[in-house]
Amino acid sequence: MAAKKAAAIKDKYSKTQILADISENTGLSRKEVGAVLEELGILVERHIKKRGCGEFTLPGLLKIVTRKKPAQKAKKGVPNPFKPGELMDVPAKPASIQVKVRPLKKLKEYATT
């Protein structure tokens, strides 16, 4: 399949416009395109869920990665970075999960061309 030159889109698309554009370009109905996007969302959810692998890649476009941040203990008498010479107390923070979306090669190329 030959790569076709895509024209830049000046205004941000709404969900309806995205579905209409994809259905027009692929020959699928809007309902089918909506079902595919819905299933893609479910697939991403299953990958990054609590007991999932924690990583999802949309080939060539983006990679979604989860990272566990450990809990932080409370600290007393820490220098205040905003008011030199003053000390402050830092409250404890519970452990959390961080989600990062990283662009892959094709997406970076799209932004530069």
Side-chain angles (χ1 to χ4, degrees):
M1 190 167 151
K4 61 180 180 180
K5 190 75 171 171
I9 297 171
K10 300 291 182 193
D11 297 323
K12 184 179 132 186
Y13 275 8
S14 65
K15 182 180 177 183
T16 307
Q17 290 170 316
I18 292 170
L19 292 176
D21 195 38
I22 293 173
S23 68
E24 184 181 306
N25 293 334
T26 60
L28 298 171
S29 73
R30 280 181 48 193
K31 249 185 186 175
E32 291 171 329
V33 173
V36 169
L37 291 180
E38 185 71 30
E39 193 57 40
L40 181 63
I42 292 168
L43 191 61
V44 170
E45 177 190 358
R46 289 174 48 206
H47 275 81
I48 65 171
K49 253 185 156 168
K50 191 170 191 167
R51 289 189 194 94
C53 66
E55 191 174 296
F56 177 80
T57 303
L58 197 54
L61 294 178
L62 53 93
K63 184 176 198 174
I64 301 170
V65 180
T66 57
R67 196 179 106 208
K68 294 176 184 165
K69 287 187 82 174
Q72 291 183 334
K73 294 180 182 176
K75 299 174 191 168
K76 291 191 181 279
V78 177
N80 188 338
F82 303 109
K83 296 178 183 173
E86 201 175 290
L87 299 178
M88 62 184 227
D89 295 338
V90 178
K93 291 183 182 177
S96 63
I97 304 283
Q98 198 176 36
V99 178
K100 293 197 173 201
V101 180
R102 295 183 20 223
L104 296 180
K105 188 176 180 181
K106 273 188 191 175
L107 193 59
K108 289 178 185 178
E109 286 174 3
Y110 295 158
T112 59
T113 56

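Both backbone and side-chain heavy atoms feed into the values below; hydrogens, waters and symmetry mates do not.
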Worksheet item: Is there a side-chain contact (heavy atoms from CB on, under 4.5 Å) between Arg30 and Thr16 once you walk through the steps?
Response: CA-CA 9 Å; Arg30 280 181 48 193; Thr16 307; 3.4 Å; yes
Worksheet item: Can you name the closest pair of heavy atoms from Pro103 and Leu107 and give their distance?
Response: CB-CD2, 3.8 Å
Discussion item. Show, in sequence, the C-alpha distance, side-chain angles and deciding distance for Val36 and Ile22, and conclude whether the side-chain contact (heavy atoms from CB on, under 4.5 Å) test is met.
Written reply: CA-CA 11 Å; Val36 169; Ile22 293 173; over 6 Å; no
Worksheet, complete the sentence: Between Asn80 and Phe82 the two heavy atoms that sit nearest each other are OD1-N, 2.9 Å
Worksheet item: When clusters are formed by joining ILVMFWY residues with side-chain heavy atoms under 4.5 Å apart, either directly or through shared neighbours, do Val90 and Leu87 land in the same one?
Response: no
Worksheet item: Restricting to pairs with a member in residues 36-56, which pass salt bridge (Lys or Arg N to Asp or Glu O under 4.0 Å), not counting sequence neighbours?
Response: Glu55-Lys63
Worksheet entry | Atom of Ser23, atom of Leu28 and distance for their closest heavy-atom approach | CB-O, 3.0 Å
Taking distance alone, no hydrogens or angles, what donor-acceptor pairs closer than 3.5 Å link side-chain atoms of residues 64-78 to residues at least two apart or in another chain?
unit_1, atom_1, unit_2, atom_2, d
Thr66, OG1, Gly54, O, 3.1
Arg67, NH1, Gln98, OE1, 3.4

Practice prompt. Dump the intermediate steps for side-chain contact (heavy atoms from CB on, under 4.5 Å) on Ile97 and Ile48, then the final yes or no.
Written response: CA-CA 10 Å; Ile97 304 283; Ile48 65 171; over 6 Å; no
Worksheet item: Can you tell me how far the CG atom of Leu37 sits from the CD1 atom of Ile42, to the nearest 0.5 Å?
Response: 11.5 Å
Fill in: Spacing of Leu62 atom CG and Lys106 atom NZ [to the nearest 0.5 Å]
12.0 Å
Practice prompt. Would you kindly confirm whether Ile9 and Leu61 end up in one hydrophobic cluster when ILVMFWY residues are joined by side chain heavy atoms under 4.5 Å apart?
Written response: no
Worksheet item: When rounded to the nearest 0.5 angstrom, what distance separates CD1 in Ile18 from CG in Asp21?
Response: 9.0 Å
